[in-house]
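Just below is one structure, and these are the notes that go with it.
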Amino acid sequence: MAIMDRGNTQEARGQPQGQSEESREHPHEAPVKETTEERAPGALLGDAQIRRWMWRVGAAVAAGIVVSLVFGIRGGLTALVLVIIGDTVRTSRKDSSVPAWQKSSAAERRTEKQLKSLQRNGYLVLHARAVPRDDEGVSDGRIDHLVIGPSGVYAIDSEKWDKRLPVRTMSHLKLFHGPFNKKDRLDEARWEAEQASRIIGGQVGFDVPVQPSVAIYGPSIPWKVMRVRDVDVYAGNRARAYLRRRPKILTDTDVDRIFEAAEKALPPKYTD
């Protein structure tokens, strides 16, 4: 999907008939139920989370000892705390609330983080949904973030592009990233949104327009929001503002009904 995070290719993913999806591995881990039984020491050492924390503490202690030999006990304690905090922050940036997205792109995680803050404003989000649903419940198409809220329904794809290449548009009909024409990428985003609109509308019994958009990370975007080939294009860090500044057109009841229909009709792209 993207030049950097999803491979250096100009082919679009999810196009109907004859176009291939760029391959990505998204392992999905099933939830593990905790038991009340005591674990043996060997079992504790086999726990990945415990091993990770043991590594953090060990590295922090080692750093603290080295620093304390040079700068004293106070400096050593400071180094110990900083190592633990730094490793925790680094790990948290790789996490996602979507199990299948443990290896998601940085662009997808950044958009997901912005969308979380909109929940208190009545927005509901589904991540990594397959469109259209076939007999086996999957397809080549994927919407990174399907957002349902007071201002409408949106299909947002997160892209990480080479920041060294400029982004420009021509007459709202063409989008270029350096020398590359992104027509196929825009057509793909529009097709995914059209499929989602058709499928969800069939479930709820009324028209549900779905606005396609592409949130671009990396290069500078010389506009706030530009509609190119019916697809809204904007800098990735504007995803939250893009949604919040639109007029309210759906009631809370509408949002809940559309979300429930989308959740059932558009399955997760990555399953167990």
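Across all non-hydrogen atoms, the minimal contact from Ser117 to Arg240 is OG-NH1, 3.0 Å. Pairing each heavy atom of Leu243 with each of Tyr123, the nearest pair is O-OH, 3.1 Å. Annotation for Pro150 and Gly122: closest pair CD-O, 3.6 Å, computed over non-hydrogen atoms. Taking both residues in full, the closest heavy atoms of Leu250 and Gly149 are given as CD1-O, 3.3 Å, listed atom of the first, atom of the second, then distance. Across all their heavy atoms, Trp223 and Thr169 have their closest contact at CZ3-CG2, 4.0 Å. The nearest pair of heavy atoms linking Ile249 to Ser151 is CD1-O, 3.5 Å.
Under a 3.5 Å cut-off, the side chain of Gln114 and the backbone N or O of Gly236 do form a donor-acceptor pair. Looking at Tyr217, its side chain never comes within 3.5 Å of a backbone N or O of Ala106 through a donor-acceptor pair. Remark: side-chain polar atoms of Glu159 are not paired, donor with acceptor, to backbone N or O of Ala215 under 3.5 angstrom. Not a single donor-acceptor pair under 3.5 Å links the side chain of Asp144 to the backbone N or O of Ala128.
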In residues 252-261, what donor-acceptor pairs under 3.5 Å come from side-chain atoms, sequence neighbours left out?
unit_1	atom_1	unit_2	atom_2	d
Asp254	OD2	Thr251	N	3.2
Asp254	OD2	Thr251	OG1	3.1
Arg257	NH2	Val204	O	2.7

Pair up each side-chain donor or acceptor in residues 226-235 with any protein partner under 3.5 Å, not counting sequence neighbours, and list the distances.
unit_1	atom_1	unit_2	atom_2	d
Arg227	NE	Asp232	OD1	2.7
Arg227	NH2	Gln211	OE1	3.4
Arg227	NH2	Asp232	OD1	3.2
Arg227	NH2	Asp232	OD2	3.1
Arg229	NE	Asp187	OD1	2.9
Arg229	NH2	Asp187	OD1	3.2
Asp232	OD2	Tyr242	OH	2.6
Asp232	OD2	Arg246	NH2	2.9
Tyr234	OH	Ser213	OG	2.9

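Using a 4.5 Å heavy-atom threshold, the side chains of Lys182 and Phe176 count as separate.
Residue Ile156 holds its CD1 atom at 9.0 Å from CG of Leu146, rounded to the nearest 0.5 Å. Note: Leu173 CG to Lys183 NZ = 11.0 Å, rounded to the nearest 0.5 Å. Taking CD1 from Ile200 and CG from Asp207, the interatomic distance works out to 12.0 Å, rounded to the nearest 0.5 Å. With rounding to the nearest 0.5 angstrom, the NZ atom of Lys264 is 13.0 Å from the CG atom of Leu266. One finds the NE2 atom of His145 at 4.0 Å from the OG1 atom of Thr111 (value rounded to the nearest 0.5 Å). Note that CD1 of Ile148 and CG of Leu126 are 5.0 Å apart. Values are rounded to the nearest 0.5 Å.
Considering only residues two or more places apart in sequence or on other chains, Pro219 meets the side chain to side chain contact (heavy atoms under 4.5 Å, CB included) condition with Trp161, Val167, His177, Ile216.
No donor-acceptor contact under 3.5 angstrom links the side chains of Arg110 and Ser158, judged on distance only.
The residues Glu263 and Arg129 are annotated as not salt-bridged, no charged nitrogen and carboxylate oxygen being separated by less than 4.0 angstrom.
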